[in-house]
Amino acid sequence: MATKGEELRAVRERILQMGPERHKKRVKEEYGKLLCRERLEILLDPGSIVEDGLMANCLEEELAADGVVTVLGKVNGRDVAVMANDFSVKAGSWGPRTVEKIIRIQETAMRLRIPMIYLVDSAGLRITDQIDCFPGRRHAGRIFHLQALMSGMIPQVCILSGPSAAGGAYIPTFCDVIICVDKLGAMYLGSPRMAEVTIGEKVTLEEMGGSRMHCSVSGVGDVFAENEEQALQMLKDYLSYFPSHCFEKPPVYEPAESEKPIDDIEKVIPENQNMPFDMYEVIWRIIDRGSWFEMKKLWAQEIITGFARINGKPVGVIANQPKVKGGVLFVDSADKACRFIRLCDAFNIPLLYLMDVPGFMIGSKVEKEGILRHGCKMLYAVSEATVPKISVVVRKAYGAGLYAMCGPSHEPDACIALPTAMVAVMGPEAAVNAVYYNHIQEIKDPKERMKFVMEKQKEYREQVDIYKLAANLIIDDMVVPTQLRSELIRRFAYYENKPGELRYPKKHGVMQV
Amino acid sequence: MAEVACPMAGVVAEVKVQPGDTVEPGQDLLILESMKMMIPFQSETNGVVREVKVNVGDFVNEGDVVIVLE
């Protein structure tokens, strides 16, 4: 006869096998997904798992761990808390114990001040159990409530490798980053079936809330992964830039040479302000080799946001991309920058702004979209950030674009310029047109008119010449382009110990949304 | 058939393709003058130009269909 210990071991073994074989087969063969515990095996250091709630619903044979695995473990030696939906158990749906387990692991992460990881793959709430897990104080709503409270205190990271439906879709959305797996991940408030029934819209799952859609159209997704293994590696890479909580500094790694040699940097930045170039070519000449981790790469590409290391130390890079839409700021690019700046500031990651910005887009279309409102958000985030910050005027910085990219008025620790820089309310063409419009119209001879315009543009260029701004201490220094990387290394080293002071006593600001 | 929509508002400064041309990803389709810059717009796909819906000097808004590919 089996001993009590053997009986318990057998029950635990059964639970560790996850859902019924027929469901596991479906997960692997029909959906092509990893099983829940396979994901944890790839993510976490061997032997590091401590599990809570393994026995949840253990009297029900087919409800192993009640459809969610909640563990403490280590990612590359660092403690983390993990919630992983098990799709082989009732499609990862939530019952009362599932919800309680998720809440408890969140509370544990908060108490221990360690990153909270969500591996999301769930059909949503079990409607038959709703009275016990939907409306109450420790029911599903509390998961999102805690996520809001945890935001900015500990990193919250999500991999979306299955569905995340209705209210459940707020779990990924509340996270700092959502890594979306191609073809597997989907999140939406209403499923395609519900949309067809309630509003008559016929649409595929991918169009409604697929990974590619969210990473390139809605901007809800942050990182697009080709497959689950890549997504899990990306999660580890992402965490390498972050401290475990907001009162720690981010980890420092071995310095490396720049991604590309900086000697030819002048060749990649055209002097003609109106000629597009690829800002990545500047980034590759500044950051350590292999250290780039880009956020929202496929969305609002006129601005680039990504983590990198310079001399082994992490920075958040916000760079205008003149190659896309001229680097003009739109509603989405402002949102993208705002979100990224706040993420870096929350976790003590210094900021590096690389400017080549003609300003915010104008026109009736963007005004109707609320470009003022969105622009405010970006400016707000720039003002609010207290981490070390350096802004570099790579080329042009026109109008409110200068402010939004942390120009001198927005308290960078330094605003430095390359000799290709031009800082002005607007470019020479627009300025001359604005000031002399009537006079230009009065000149009948086209040659004379052109001559006048050219002369005035030349005068304007001289007025806003970057040497003049440097002479008047508008900017803190001008930098020889080939010395930009070493200048940044030296400057960040001085700024890195400044306290992230709290500015003025208040509850919180009233940021535009 | 694929409709190529203009990604931002501006005035058409130059049309780089004409009906019958074969285009590939990354190839310039037109140059837009916007925010006092000349901004090239490139094809994202392979295709043959079936129709060019704009002329030099036209104002186009974001989302307007400028070229039809097949």
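Reminder, nothing fancy here: chain letters follow the sequence lines and each chain counts from 1.
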Exercise. If you count the non-hydrogen atoms of other residues, nucleotides and ligands that lie under 6.0 Å from CD1 in A:I362, is the total more than 12?
Worked result: no
Problem set entry | side-chain contact (heavy atoms from CB on, under 4.5 Å) assessment of B:S34 paired with A:K325 | CA-CA 9 Å; B:S34 179; A:K325 297 183 181 182; over 6 Å; no
Problem set entry | Rounded distance (nearest 0.5 Å) linking atom CE of A:M361 with atom CE of B:M35 | 6.0 Å
For this session: Working to the nearest 0.5 Å, report the span between CD of A:E302 and CE of B:M8.
Result: 8.5 Å
Exercise. Does NZ belonging to A:K377 count more than 12 external heavy atoms closer than 6.0 Å?
Worked result: yes
Exercise. For atom CD of A:E462, is the number of surrounding heavy atoms from other residues, nucleotides or ligands below 6.0 Å larger than 12?
Worked result: yes
Problem set entry | Part of A:Y398 within contact of chain B (heavy atom distance under 4.5 Å) | neither
Problem set entry | Interface moiety of A:N433 toward chain B, non-hydrogen atoms closer than 4.5 Å | side chain
Problem set entry | Heavy-atom pair of closest approach, residues B:M37 and A:N274 | CG-OD1, 3.7 Å
Exercise. Which pair of non-hydrogen atoms, one from A:F330 and one from B:E62, has the smallest distance, and what is that distance?
Worked result: CE2-OE1, 4.0 Å
Seminar exercise, completed: So, the part of A:P358 with a heavy atom under 4.5 Å from chain B: the answer is both
Exercise. More than 12 non-hydrogen atoms from neighbouring residues, nucleotides or ligands closer than 6.0 Å to CZ on A:F224, yes or no?
Worked result: yes
Problem set entry | Nearest-0.5 Å distance, NZ of residue A:K365 to CG of residue B:D64 | 9.5 Å
Exercise. Using non-hydrogen atoms only, which part of A:M275 is less than 4.5 Å away from chain B: side chain, backbone, both, or neither?
Worked result: neither
For this session: Assess whether atom CZ of B:F59 is packed by more than 12 heavy atoms of other residues, nucleotides or ligands within 6.0 Å.
Result: yes
Problem set entry | Within 6.0 angstrom of A:E459 CD, more than 12 heavy atoms from elsewhere | yes
